[in-house]
Amino acid sequence: MAMDQMQKMKEMKQQITRFLMMYKFAIQELETKIDILKEEFHLLHDYNPIEHTSSRLKSPKSILEKLHRKQIELSISSIRNNIKDIAGIRITCAFISDIYRIKEMLCNQSDLNVIEIKDYIKHPKPNGYQSLHLLIEVPVFISDRRENVCVEIQIRTIAMDFWASLEHKIFYKYQKTIPPQLIAELKEAADSASALDQKMERLHNEIAAIKVENEYDIADEMIQLVMNNQRVSIPTMLMDLFDDDQMK
């Protein structure tokens with residue numbers, strides 16, 4: 001009897017390992033898409049909205065523990081239907097506007113199916129947590145079939161990510177029971193991070209407006225050169241732009 005149970009456990013382990021392989025492939029598919037979008041955006045707009053990306057895949061042990069906590073049946077179909085955060089990708093941006101820009105770029109991918117969107121930026125959690133969560137179904141093609149695999153994408157600013165990382169460490173240091181005064185201070189820190197994001201967004205927009213204005217000035221100089229139809233020196237600012245392009 002014990003041998004039969006052991007054999008069943010080994011078979012279950014193999015099934016979970018093969019099952020997780022599909023989630024690993026789904027992460028790789030999304031990472032490739034994100035890299036392409038990042039490079040395309042940089043080439044077209046001379047700007048990269050993505051500061052950093054990271055990915056994670058739940059371990060079999062973590063999955064089994066979650067099944068036990070939720071009192072869910074131990075089977076592959078049960079895992080697939082009830083645990084949606086097995087695979088995850090986190091994208092870190094500089095500005096809040098970048099978050100929604102990236103979200104739109106991903107949602108416009110015709111082969112991706114957006115299952116759920118949770119906007120914790122417009123509607124922060126009570127503890128102050130902010131982030132944009134997307135649950136996306138990714139098609140994975142293997143030798144004998146296609147499978148649609150769920151991947152959770154979290155998109156947040158550097159400030160949001162910094163706060164969330166520290167909150168997570170504090171949370172587990174106190175074994176999930178945080179003193180009330182610390183909860184209040186964490187919320188205050190989250191509000192400060194949000195205010196910083198808004199201020200940096202405003203500065204970013206003002207600098208971008210100045211850049212556009214300077215580009216218009218250069219264009220006016222070039223038009224004047226053509227109209228005068230005479231040999232003059234090329235504007236220094238224009239030469240600097242070409243130098244910058246060569247260095248990239």
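- Under the 4.5 Å side-chain heavy-atom criterion for grouping Ile, Leu, Val, Met, Phe, Trp and Tyr, Y129 is connected to L182 within one hydrophobic cluster.
- The minimum heavy-atom distance linking C107 with V114 is given by the pair SG-CG2, 3.6 Å.
- Looking at R56 and E152, their side chains come closer than 4.5 Å, going by heavy atoms from C-beta outward.
- When side chains are defined from C-beta on, L64 does not count as touching K61, because their heavy atoms never get closer than 4.5 Å.
- Hydrophobic clustering (ILVMFWY, side-chain heavy atoms < 4.5 Å, transitive): M200 and I50 are in one cluster.
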Worked verdict on N148 versus V138 for side chain to side chain contact (heavy atoms under 4.5 Å, CB included) = CA-CA 5 Å; N148 294 322; V138 184; over 6 Å; no
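- Here the closest non-hydrogen pair linking P49 and C93 is O-CB, 3.5 Å.
- One distance of note links CG of D119 with CD of Q130; it measures 9.0 Å at 0.5 Å rounding.
- Side-chain atoms of T53 and E31 form no donor-acceptor pair, as typed in the model, at a separation below 3.5 Å.
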Passes side chain to side chain contact (heavy atoms under 4.5 Å, CB included), K66 versus I86? Steps please.
-> CA-CA 10 Å; K66 193 163 188 176; I86 293 173; over 6 Å; no
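- E201 places a side-chain N or O within 3.5 Å of a backbone atom of I96 that can act as its donor or acceptor partner.
- In Q28, the CD atom is crowded: over 12 heavy atoms of neighbouring residues, nucleotides or ligands sit closer than 6.0 Å.
- Two residues are said to be in side-chain contact when any heavy atoms from C-beta on lie closer than 4.5 Å; I76 and R18 fail this criterion.
- In this structure, Q109 and L37 approach most closely via the heavy-atom pair NE2-CD2, 3.9 Å.
- Heavy-atom neighbours of K118 NZ from other residues, nucleotides or ligands within 6.0 Å: at or below the threshold of 12.
- Looking only at side-chain heavy atoms (C-beta outward), E116 and L134 stay at 4.5 Å or farther from each other.
- Scanning both residues, D197 and A159, for their nearest heavy atoms gives OD1-CB, 3.7 Å.
- Of the possible donor and acceptor atoms, none in the side chain of R80 sits under 3.5 Å from a partner among the backbone N and O of C150.
- Looking at K33 and E29, no side-chain N of the basic residue comes within less than 4.0 Å of a carboxylate O on the acidic one, giving no salt bridge.
- For the atom pair CG of L57 and CG of L20, the computed distance is 5.5 Å after rounding to the nearest 0.5 Å.
- Using a distance-only test at 3.5 Å, with no hydrogens or angles considered, no donor-acceptor pair links the side chain of S55 to the main chain of I89.
- Rounding to the nearest 0.5 Å places CD1 of I121 at 7.5 Å from OG1 of T157.
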Which is it for L106 and N108 under the side chain to side chain contact (heavy atoms under 4.5 Å, CB included) test, yes or no, and what are the steps along the way?
-> CA-CA 5 Å; L106 289 172; N108 287 335; over 6 Å; no
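- In terms of hydrophobic clustering, with Ile, Leu, Val, Met, Phe, Trp and Tyr side chains grouped at heavy-atom distances under 4.5 Å, L30 and I117 are assigned to a common cluster.
- A pairwise comparison of heavy atoms in I155 and S131 identifies O-OG, 3.4 Å as the closest pair.
- Remark: I142 CD1 to F25 CZ distance equals 7.5 Å, nearest 0.5 Å.
- A side-chain donor from one of Q154 and R156 sits under 3.5 Å from a side-chain acceptor of the other.
- The environment of CD in E65 is crowded: more than 12 heavy-atom neighbours from other residues, nucleotides or ligands sit within 6.0 Å.
- There is a path of hydrophobic side-chain contacts, each under 4.5 Å, that joins V149 to I63.
- Relative to the ring axis of Y100, K103 does not place its NZ or CZ within 45° and under 6.0 Å from the centre.
- In this structure, W163 contributes its side chain and L186 its backbone to a donor-acceptor pair below 3.5 Å.
- Expressed to the nearest 0.5 Å, how far CD1 of I79 lies from NZ of K58 amounts to 11.5 Å.
- Put simply, I36 and V151 are part of two different groups of oily side chains (I, L, V, M, F, W, Y) that touch within less than 4.5 Å, one to the next.
- Within a 6.0 Å radius of CZ in F41, other residues, nucleotides and ligands contribute more than 12 heavy atoms.
- A distance of 10.0 Å separates CZ in R101 from CZ in F95, rounded to the nearest 0.5 Å.
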Worked check of salt bridge (charged side-chain N to carboxylate O under 4.0 Å, His left out) between R145 and E147 = CA-CA 7 Å; R145 67 188 185 278; E147 282 198 23; 2.8 Å; yes
